[in-house]
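This report refers to the structure that appears directly beneath it.
The figures that follow rest on heavy atoms only: side chains count, while hydrogens, waters and symmetry mates do not. All values derive from a computational prediction rather than experimental measurement.
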Amino acid sequence: MRILRMVLVVLLITAFATLSFAQKIYQPKLTPQNSGTTELLITVSPVNSRVVWAAGTHGTFLLTTDGGKTWKSGIVKGAEWLQFRGVRGVSETVAYLQSIGTNPSDFRIYKTEDGGATWTMQFKNQTVGAFYDCFAFWTPKRGISHSDSVNGVFPDLRTTDGTTWQSISGNMPPALPGEFSFSSSDTCVATQGENNAWIATGGATIARILATTDGANTWNAYDTPLLSSPSAGAFTVDFRNPLNGIVGGGDLNPSDPDNARTAASVDGGKTWTFTNAPPVTGAIFGLSYVRHLGSSCNQTCQAVVRYVVVTANTGGAAWTPDEGTTWYVLPGVTGGWAVAFANPDAGWLVGMGGTILKISF
């Protein structure tokens with residue numbers, strides 16, 4: 001009996017310790033920050049825990065160099081009526097922006113090397129029907145930009161010098177009828193390592209992942225189980241290593257709000273399996289692994305590298321500690337478009353009305 005009581009005591013202590021740990025882990029801190037703008041913020045790119053770039057409507061970009069205590073906003077000259085759907089921060093002085101608009105020439109790529117004081121236009125689209133949804137970079141000078149298909153071809157771009165952009169349309173797999181991507185948060189393209197990249201698509205009868213392992217020289221196309229239609233598909237993708245990744249999607253049709261789903265891959269995107277459904281509705285506009293940027297990764301990073309945060313256009317936001325088996329709502333978060341992390345203590349979620357939330361795990 002004494003031994004049994006001792007065992008029960010140990011079990012109770014373990015249970016309370018586990019509960020306390022869970023309560024601590026499962027309560028990320030959300031801190032609102034003053035963006036200084038009411039524009040819709042569509043995309044965010046942390047360089048580190050201090051330097052973060054964001055961008056959105058009416059040619060607006062934002063920069064903080066103190067972790068979000070203060071934000072500086074600006075408007076790119078000549079882009080006042082464009083929407084910036086993509087931003088990539090390199091440092092507190094260097095960043096890229098990608099825009100969309102109503103005319104073919106409104107799809108542009110800009111770069112600053114002086115903290116946003118001036119911007120140089122590196123690319124202006126001339127292809128009728130092209131719609132450049134998002135871009136991503138392996139290094140500060142190596143990146144790709146993805147467009148919707150035009151006449152069955154993806155007119156995608158690549159830069160290898162951080163200055164000029166060349167077409168890689170001949171490298172891309174053929175597009176399915178009606179296939180396109182969603183420019184909801186600049187995360188329809190994900191890069192990893194030196195040469196891996198994945199592109200999420202929808203619009204057709206199948207939502208696919210286009211994948212490369214050689215820096216965009218060659219690509220393969222793989223099916224996902226996400227709903228796909230002219231208003232639905234895979235919106236956002238991220239990988240934490242060459243094999244393990246997660247894709248999110250849904251339906252923009254307001255009469256069909258219950259298709260916000262995620263699927264996971266353990267083989268580099270070749271096959272995908274539904275996770276448990278996240279507690280959000282609408283379409284998942286953005287998702288991000290919670291991890292340290294760069295190549296170094298300590299024990300803390302390993303403990304949280306499987307954490308994923310998702311945002312949905314009208315249906316809130318949530319996070320998972322195990323790539324979709326278990327989900328937790330981020331309370332009070334609505335209208336989020338994009339989320340990204342510098343490290344587990346320094347993540348940012350941006351969205352409607354100039355909203356910026358810092359997320360700390």
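With hydrogens and angles ignored, the 3.5 Å screen pairs a side-chain donor or acceptor of Ser181 with a backbone N or O of Ala200. Of the possible donor and acceptor atoms, one in the side chain of Trp327 sits under 3.5 Å from a partner among the backbone N and O of Asn276. Of the possible polar contacts, none joining the Ser185 side chain to the Ala338 backbone as a donor-acceptor pair under 3.5 Å is found. Of the possible donor and acceptor atoms, one in the side chain of Ser360 sits under 3.5 Å from a partner among the backbone N and O of Asp345. Side-chain N or O atoms of Thr212 include one that pairs as donor or acceptor with a backbone N or O of Thr218 at under 3.5 Å.
A donor-acceptor contact under 3.5 angstrom links the side chains of Asp161 and Thr159, judged on distance only. Between the side chains of Asp251 and Ser231, a donor-acceptor pair is found at a separation under 3.5 Å. Checking Glu179 against Ser149 by side-chain atom types alone, no donor-acceptor pair falls below 3.5 Å. Counted by atom type alone, Asn217 and Asp214 present zero donor-acceptor pairs between their side chains at under 3.5 Å. With 3.5 Å as the limit, one finds no donor-acceptor pair spanning the side chains of Ser183 and Asp186.
Leu41 is listed as a side-chain neighbour of Thr37, based on a closest heavy-atom distance under 4.5 Å. Between Val350 and Leu62, every side-chain heavy-atom pair lies at or beyond the 4.5 Å cut-off.
Aromatic ring centres of Phe123 and Tyr132: separated by under 6.0 Å. Ring centroids of Phe341 and Trp348 are separated by 6.0 Å or more, keeping the two rings apart. Residues Trp119 and Phe61 place their aromatic rings such that the two centres sit under 6.0 Å apart. Here the two rings, on His146 and Phe135, have centers that are 6.0 Å apart or farther.
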Side-chain donor/acceptor pairs under 3.5 Å, residues 74-83, sequence neighbours excluded:
unit_1 : atom_1 : unit_2 : atom_2 : d
Glu80  : OE1    : Gly78  : N      : 3.2
Glu80  : OE2    : Gly78  : N      : 3.1
Gln83  : OE1    : Arg85  : NE     : 2.8
Gln83  : OE1    : Arg85  : NH2    : 2.7

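With sequence neighbours excluded, the residues that form a salt bridge (Lys or Arg N to Asp or Glu O under 4.0 Å) with Arg240 are Glu323. By the ring-ring contact (aromatic ring centres under 6.0 Å, His included) test, Tyr222 pairs with no residue at all, sequence neighbours left out.
A salt bridge links Arg291 to Asp238: at least one charged side-chain nitrogen sits closer than 4.0 Å to a carboxylate oxygen.
Of the residues Thr275, Thr236, Thr320, the one that meets the side chain to side chain donor-acceptor pair (under 3.5 Å) test with Thr262 is Thr275.
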message: Assess the residue pair Ser105 and Asn103 against the criterion (side chain to side chain donor-acceptor pair (under 3.5 Å)); give the C-alpha distance rounded to whole Å, side-chain angles, the decisive distance to 0.1 Å, and a yes or no.
response: CA-CA 5 Å; Ser105 61; Asn103 300 308; 5.4 Å; no
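Taking the six-membered ring where the residue is Trp, Phe235 and Phe182 present parallel rings, their angle staying beneath 30° rather than reaching 60°. Relative ring orientation between Phe84 and Tyr110 is described as perpendicular, the plane-to-plane angle rising above 60° on a 0-90° scale split at 30° and 60°.
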